[in-house]
Amino acid sequence: MAGRLPRSADLTRFCQKLNRVKTLEDDMMETTFNRCLSTIDLTLLGIGGMVGSGLYVLTGTVAKEISGPAVIVSFIIAGFASLLAALCYAEFGARVPKTGSAYMFTYVSMGEIWAFLIGWNVLLEYMIGGAAVARAWSGYLDSIFSHKIKNFTETHIGTWQVPFLAHYPDFLAAGILLIATAFISFGAKVSSWLNHVFSAISLGVILFILIMGFILAEPKNWSAQEGGFAPYGLSGIMAGTATCFYAFVGFDVIAASSEEARNPQKAVPRAIAISLGLATGAYILVSVVLTLMVPWHTLDPDAALADAFYRRGYSWAGFIVAVGSICAMNTVLLSNLFSLPRIVYAMAEDGLFFQVFSRVHPRTQVPVIGIVVFGVLMALMALIFDLEALVQFLSIGTLLAYTFVAASIVVLRFPPPQPARSQPSPGPNEGAGPSELKEYESFSDKLQLVGTYKAKVHREPGKLKAAFEPYLEFLSDFHPGEVVTIAVVTLMVSAVCLCSILVFGNTHLHLPTWSYSLLLLLFSLGFLLSVLLIWVHEQQQSTQTFQIPLVPLTPALSILLNIYLMLKLSYMTWLRFSIWLILGLLVYFGYGIWHSKENLRELTSCNVSARYVVFPSSSLEETVQAGQANPQPSTGL
């Protein structure tokens, strides 16, 4: 019986395989894609992903049902919260100019299985998001024609009364997705040009709404007679913030497009900052004019802007608003169809997903197979499924990706020690001194290759800062990165516990006041102590690319906020999420772990090992040395 149990060494090796990180090429600018996107292209892609149907529907819904005119404050807070996540994406997008977004960022810092699960969830997020927007696009256009399309379909084709299926097949939604798929397959330049057209029209309509809205504004609509500025109080503002947060989730299309940017080191951070700023400004200003044009409690949540103009005697403006809404939804469709195949391509290129999706068309330089297959799947979802029950699933996938990217920033800045795969035998002339060589085998190490020896006065990343050694001398006994790794895990656990008490303490758990306050204090102290323990250690030396300020505080706040919003989701969302995760694990252990390029690299490293060394002159050389075969038999993973 005991002989059948796996040895501890086997379990350790298996866990190491699950957490192995991706090895990046020396020249990260080399790609099979066409680097043709400028900062303006990326900015408009980001705006198109964020300023969609939410501007025309979400503002009215939140203003009437959740926050009142204080929806303005909700959007300000939501914009700031989104900025925390956006900064993390900006740093990674500049440092790792490869397609894959959150999947790639997690792979190069956290490990393989975590990266696969993030990519697996982002995949479904884009599919549901694109199909839901297509159905909203279809419904909005149908309403302009007095629902004639819906009535024709129900009369001549029929209706369904089946759970999880739509009431009737939406051929218009499926058709617009297939048309968009065809345009996306022509290449990044065509997709960008099409996005420019729709974004320009959408921004023009928004400008029209703002000018006309301020002309028609009546300050009395914020007066006490109409309920005041914040009729639902602080709780209404925060509830509105949780809803408004999802209006900004489209900025990750910029990071997903970094492999097609001409100068990603500068273009990606600038595009994320500009697009998020413009989107936040648009949401805030439209909320201002909407709640000043008509009393907030009389808004039509389904078509607030068009209805507001109609009630003020400008019914012709409703047509302009409808055109802007359709163009805005087109940009969101393009954003989803643009990003999804590139995430799949990155996973397939790494061997974690089916290899057929890693093929790039030689002329258009885009993953055509992935675009067509997932475009058709998205169209089928929009055709037959009832997506309203699945839309909330989008939130948990997005928030989980944000959480892992924020944690990856901490890992990147305070890299844990990387065990060398093979140690060079010391030569007769080797030893301490200026001729000493140093190995760099992880991605975080490669980032500081140039100039490492010029900055020898700085301590190794992950070590305790010299200023704190007299007070925290016991931490000096740990290896570099060990305390930071423990602190990151503690931070995540503390954040989950703290948010659980905040969300469920008074409702589901029914905790008495004293225990509720005590647990909040304990977990808050654990969270803050973890942040302080990370901060007192040396960070990695700054590079030439963008770095977010106030690390580890900024990513820690992003993690805390994302976990809080995830726990606010319904239990059915978590149940569906768990089922999807199980399916993903089956795919990973059935295919991905066996075909992973990192797995193949490990199998071939028994004969040849690649090593990067830095000489005192700060030059980078690659040496290939013969290695001895591993005396232990390979597990095949």
Side-chain angles (χ1 to χ4, degrees), residues 8-9 11-21 88 91-92 105-115 117-118 400 402-420 441-445 447-448 458-501 519-541 548 550-564 566:
S8 59
L11 290 176
T12 302
R13 193 179 304 112
F14 178 69
C15 292
Q16 289 174 346
K17 290 179 181 296
L18 296 182
N19 291 280
R20 56 195 171 198
V21 296
C88 298
E91 175 167 340
F92 259 118
F105 305 157
T106 306
Y107 202 175
V108 300
S109 56
M110 302 287 285
E112 184 173 283
I113 189 170
W114 311 111
L117 292 178
I118 291 297
L400 185 68
Y402 287 180
T403 302
F404 269 85
V405 171
S408 298
I409 288 292
V410 180
V411 175
L412 177 66
R413 294 289 192 91
F414 304 88
Q418 298 291 331
E441 293 192 350
S442 70
F443 161 70
S444 55
D445 285 339
L447 291 176
Q448 57 173 348
H458 296 288
R459 292 190 161 205
E460 185 180 356
K463 294 196 68 172
L464 185 67
K465 293 179 180 178
F468 294 98
E469 277 194 345
Y471 313 101
L472 302 171
E473 187 176 356
F474 65 97
L475 295 179
S476 303
D477 299 332
F478 292 90
H479 292 292
E482 283 187 345
V483 176
V484 174
T485 302
I486 297 172
V488 170
V489 175
T490 307
L491 184 147
M492 299 284 284
V493 174
S494 300
V496 171
C497 295
L498 177 60
C499 294
S500 299
I501 297 299
L519 289 174
L520 280 184
L521 179 62
L522 289 177
F523 292 129
S524 298
L525 288 176
F527 181 82
L528 293 175
L529 182 61
S530 301
V531 174
L532 287 175
L533 278 177
I534 298 172
W535 178 69
V536 298
H537 288 79
E538 292 286 352
Q539 295 191 34
Q540 195 175 56
Q541 300 303 315
I548 66 175
L550 301 178
V551 174
L553 181 60
T554 302
L557 290 177
S558 180
I559 291 171
L560 186 66
L561 175 69
N562 297 331
I563 292 175
Y564 176 81
M566 277 194 286

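Note that the structure is a prediction, hence the values are computed from the model and not measured.
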Self-check item: Trace of the side-chain contact (heavy atoms from CB on, under 4.5 Å) decision for Ser109 with Val21
Solution: CA-CA 6 Å; Ser109 56; Val21 296; 5.9 Å; no
Quiz item: Would Glu112 and Leu18 count as a side-chain contact (heavy atoms from CB on, under 4.5 Å) if you check the C-alpha gap in whole Å, the side-chain angles of each, and the deciding distance to 0.1 Å?
Solution: CA-CA 6 Å; Glu112 184 173 283; Leu18 296 182; over 6 Å; no
Quiz item: Which heavy atom in Phe523 sits nearest to a heavy atom in Ser494, and how many Å separate them?
Solution: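 The answer is O-CB, 3.9 Å.
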Quiz prompt | Gln540 versus Pro461, closest heavy-atom pair with distance | solution =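 Taking every non-hydrogen atom into account, CA-CG, 3.8 Å.
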Quiz prompt | side chain to side chain contact (heavy atoms under 4.5 Å, CB included), paired with Leu400, selected from Val405, Ile118, Ile563 | solution = Ile118
Quiz item: Testing Ile409, Thr403, Ile559 for side chain to side chain contact (heavy atoms under 4.5 Å, CB included) with Cys88, which one passes?
Solution: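 Output: one option passes, namely Ile409.
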Self-check item: Any donor-acceptor N/O pair, Glu482 side chain to His479 backbone, under 3.5 Å
Solution: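 Looks like yes, one N/O pair under 3.5 Å.
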Quiz item: Can any side-chain N or O of Glu91 pair as donor or acceptor with the backbone N or O of Ile548 at less than 3.5 Å?
Solution: yes
Quiz item: Please walk me through it: do Leu475 and Leu472 pass side-chain contact (heavy atoms from CB on, under 4.5 Å)?
Solution: CA-CA 6 Å; Leu475 295 179; Leu472 302 171; 3.9 Å; yes
Practice problem: Would you indicate whether the side-chain heavy atoms of Val488 and Ser530 approach each other to under 4.5 Å? | Solution: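 Side chain of Ser530 against side chain of Val488, heavy atoms only: no contact under 4.5 Å found.
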Quiz item: With side chains defined as the heavy atoms from C-beta onward, is the minimum distance between Phe527 and Thr490 less than 4.5 Å?
Solution: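 Phe527 does not reach Thr490 side chain to side chain.
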Let me confirm one number: the [atom1]-[atom2] distance from [X] to [Y], rounded to the nearest 0.5 Å.
X      : Y      : atom1 : atom2 : result
Leu560 : Met492 : CG    : CE    : 11.0 Å
Leu521 : Ile501 : CG    : CD1   : 12.5 Å
Trp114 : Asn19  : CH2   : CG    : 6.5 Å
Leu520 : Cys497 : CG    : SG    : 11.5 Å
Tyr402 : Ser558 : OH    : OG    : 9.0 Å
His537 : Phe468 : NE2   : CZ    : 10.5 Å

Quiz item: Does one side chain, of Gln539 or Arg413, offer a donor that lies under 3.5 Å from an acceptor on the other?
Solution: yes
Exercise. Would you sort out whether Lys465 and Glu538 count as a salt bridge (Lys or Arg N to Asp or Glu O under 4.0 Å), showing the intermediate values?
Key: CA-CA 6 Å; Lys465 293 179 180 178; Glu538 292 286 352; 6.0 Å; no
Quiz item: Could you go step by step and tell me if Tyr471 and Val536 meet the side-chain contact (heavy atoms from CB on, under 4.5 Å) rule?
Solution: CA-CA 11 Å; Tyr471 313 101; Val536 298; over 6 Å; no
Quiz item: Taking the six-membered ring for Trp, are Trp535 and Phe414 ring centroids under 6.0 Å apart?
Solution: no
